[in-house]
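Notes follow once the structure below has been shown.
To find a chain, count down the sequence lines: A is the first, B the second, and so on, and within it residues start at 1. Quick caveat, the model's predicted, so the values are computed rather than measured.
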2 protein chains.
Amino acid sequence: MNSAEAPAAEPDLASRLRLSVVRLNRRLRSQHTDESVSLTQLSALNTLSGCGPMTPSELAASERVRPPSMTRVIASLEEVGLVSRRQHPTDGRQSIIELTPAGADLLNAEASARERWLDKRLAELTAAERHILARASEIIDRMAGT
Amino acid sequence: MNSAEAPAAEPDLASRLRLSVVRLNRRLRSQHTDESVSLTQLSALNTLSGCGPMTPSELAASERVRPPSMTRVIASLEEVGLVSRRQHPTDGRQSIIELTPAGADLLNAEASARERWLDKRLAELTAAERHILARASEIIDRMAGT
DNA sequence: TATTGTTATACTCTATAACTATA
DNA sequence: TATAGTTATAGAGTATAACAATA
């Protein structure tokens with residue numbers, strides 16, 4: 001397909017996509033219940049699951065947040081036993097964060113109220129629409145990861 | 001109970017889409033500069049622009065936030081002159097919020113740093129990819145509006 | 001008594017700046 | 001001196017509960 005310089009075919013795409021993302025994010029956060037972890041926590045758990053144990057700085061870089069922000073996320077996850085920390089083998093300043101069995105279980109289950117809300121909305125779509133969202137999700141990940 | 005009617009062709013779509021949205025939202029917010037309005041403010045301005053003047057409660061309902069949250073958003077927009085408030089013609093409890101010329105100008109310009117970041121990312125995609133995002137944006141709006 | 005809106009308060013998420021401990 | 005991480009602090013965004021004004 002054609003590319004890089006002229007997005008003229010989709011005018012205002014940035015504006016529209018930005019608002020869509022802000023609003024869906026708001027809806028997703030509003031589904032938060034006390035029994036479930038937050039979206040921020042879930043995102044970190046997911047990264048640990050996909051990439052394996054890593055240091056706080058590496059996790060912050062993967063999630064594209066600043067180290068102090070990640071310190072707090074890790075602390076909250078440690079507190080509820082979803083991640084654990086061990087010493088770095090050679091560098092006393094660093095530590096290694098890893099998913100606990102409970103953290104892995106939680107990711108496997110993924111049966112939060114938030115998940116159910118989105119699953120229900122997705123089930124109301126056509127297969128073609130879900131396919132578009134699946135492809136959009138990949139494209140967004142690529143953009144956001146840059 | 002079982003998600004037998006659920007999207008078998010796109011397993012884990014809810015999980016993946018949710019994470020994509022959270023992460024893109026994070027990137028978008030991080031583009032915030034002091035010269036630009038926030039995503040929350042912009043979303044409210046956009047709704048006022050599209051739907052016309054309305055009461056704080058109506059605006060809260062449109063944005064799907066609680067009235068006290070919208071009180072704060074409106075106050076911040078009033079303070080910088082992007083919206084104005086006038087009396088409700090018949091009900092003394094209510095007021096009408098409307099876009100000022102400055103607010104309309106800002107929406108027309110939309111030349112914030114945040115916008116530029118996303119525009120740049122979008123320009124790196126193919127036309128087909130942008131088309132997918134445009135369609136996904138519509139689908140998301142439909143879901144988030146429910 | 002019910003509705004609209006605001007104030008008071010609190011929690012999450014994120015940031016920057018300053019600090020500690022280790023290299 | 002440089003790096004990894006934490007603590008201190010602040011601001012945005014959102015919520016619930018309690019209140020005021022009006023209907």
Side-chain angles (χ1 to χ4, degrees), chain A residues 19 21-34 36-45 53-80 83 85-97 113-114 144, chain B residues 19 21-34 36-45 54-80 83 85-97 112-114 144:
Chain A
L19 289 173
V21 163
V22 167
R23 286 168 182 166
L24 181 54
N25 188 69
R26 196 182 274 159
R27 292 304 289 273
L28 289 171
R29 286 196 188 276
S30 77
Q31 300 302 123
H32 182 62
T33 67
D34 281 346
S36 65
V37 296
S38 73
L39 293 172
T40 297
Q41 291 173 315
L42 211 42
S43 182
L45 290 175
M54 63 181 82
T55 68
S57 288
E58 287 168 343
L59 189 51
S62 293
E63 289 289 303
R64 303 201 174 261
V65 297
R66 299 295 181 182
S69 304
M70 190 47 68
T71 291
R72 298 195 54 170
V73 175
I74 292 169
S76 69
L77 290 170
E78 250 185 314
E79 201 175 340
V80 295
V83 305
R85 186 189 298 261
R86 59 179 149 83
Q87 285 192 331
H88 191 282
T90 63
D91 188 336
R93 296 170 302 182
Q94 301 186 50
S95 55
I96 309 287
I97 310 300
R114 178 186 312 117
Chain B
L19 289 174
V21 163
V22 167
R23 287 168 182 166
L24 181 53
N25 188 68
R26 195 182 276 160
R27 290 306 288 273
L28 290 171
R29 288 197 186 276
S30 76
Q31 300 303 121
H32 182 62
T33 67
D34 282 347
S36 66
V37 297
S38 73
L39 292 172
T40 298
Q41 291 173 314
L42 210 42
S43 183
L45 290 175
M54 63 182 81
T55 68
S57 288
E58 286 167 344
L59 189 50
S62 293
E63 290 289 304
R64 301 196 178 265
V65 298
R66 298 296 180 181
S69 303
M70 190 48 69
T71 292
R72 297 194 54 168
V73 176
I74 292 170
S76 69
L77 291 170
E78 250 185 315
E79 201 175 339
V80 293
V83 305
R85 187 189 296 261
R86 60 178 148 87
Q87 285 192 332
H88 191 283
T90 62
D91 189 335
R93 295 169 305 181
Q94 300 185 53
S95 54
I96 309 286
I97 311 299
S112 69
R114 182 185 309 117

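- Separating the CZ atom of Arg29(A) from the C1' atom of dC11(C) is a distance of 12 Å, rounded to the nearest angstrom.
- Here Thr71(B) lies in heavy-atom contact (under 4.0 Å) with a base.
- A donor-acceptor distance shorter than 3.5 angstrom exists from the side chain of Ser76(B) to the backbone of Val73(B), with no hydrogens or angles considered.
- For the pair Gln87(B) CD and dA21(D) P, the interatomic distance rounds to 16 Å; values are reported in whole Å.
- Put simply, CD1 on Ile97(A) is 15 Å from P on dA4(D), counting in whole angstrom units.
- Separating the CD atom of Glu79(B) from the P atom of dT6(C) is a distance of 14 Å, rounded to the nearest angstrom.
- Under the 3.5 Å distance criterion, the side-chain polar atoms of Ser62(A) are matched with a main-chain donor or acceptor of Glu58(A).
- Ser38(A) comes within 4.0 angstrom of sugar-phosphate atoms only, judged by non-hydrogen atoms across all strands, and of no base.
- Using a 4.0 Å heavy-atom criterion, one finds that Ser76(A) contacts no nucleic acid atom at all.
- The backbone N or O of Glu63(A) lies less than 3.5 Å from a partner atom in the side chain of Arg26(B), making a donor-acceptor pair.
- Atom CG in Asn25(A) sits roughly 18 Å away from atom P in dA12(D) (whole-Å rounding).
- Residue whose closest nucleotide on DNA chain D sits further toward the 5' end, between Val73(B) and Met70(A): Met70(A).
- When rounded to the nearest whole Å, the span between CG of Leu77(B) and P of dA12(D) equals 13 Å.
- Listed pair Ser57(A) / dA4(D) fails the phosphate criterion, with no side-chain N or O lying under 4.0 Å from OP1 or OP2.
- Checked options Ile97(B), Ile96(B), Asp91(B); the residue passing with Thr55(B) is Ile96(B) (criterion: side chain to side chain contact (heavy atoms under 4.5 Å, CB included)).
- Separating the CZ atom of Arg26(A) from the C1' atom of dC13(C) is a distance of 15 Å, rounded to the nearest angstrom.
- Exactly one of Leu24(B), Val21(B), Asn25(B) qualifies for a side chain to side chain contact (heavy atoms under 4.5 Å, CB included) with Leu24(A). That residue is Val21(B).
- Between Thr40(B) and dA12(D) there is no side-chain polar atom (N or O) within less than 4.0 angstrom of OP1 or OP2.
- For Arg27(A) and dA15(D), the CZ to P distance is 11 Å, given to the nearest whole Å.
- Annotation for Arg66(A): atom CZ does not count as buried by contact number, only 12 or fewer foreign heavy atoms lying within 6.0 Å.
- Distances shown here put every side-chain N or O of Arg23(B) at or beyond 4.0 Å from the OP1 or OP2 atom of dT14(C).
- Judged by distance alone, with hydrogens and angles left aside, the side-chain atoms of Ser43(A) form no donor-acceptor pair with the main-chain N or O of Leu39(A) at under 3.5 Å.
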Checklist line | Base-contact (B) and sugar-phosphate-only (S) positions in nucleotides 15-23 of chain C, heavy-atom cut-off under 4.0 Å, - elsewhere | finding: BBB---BBS
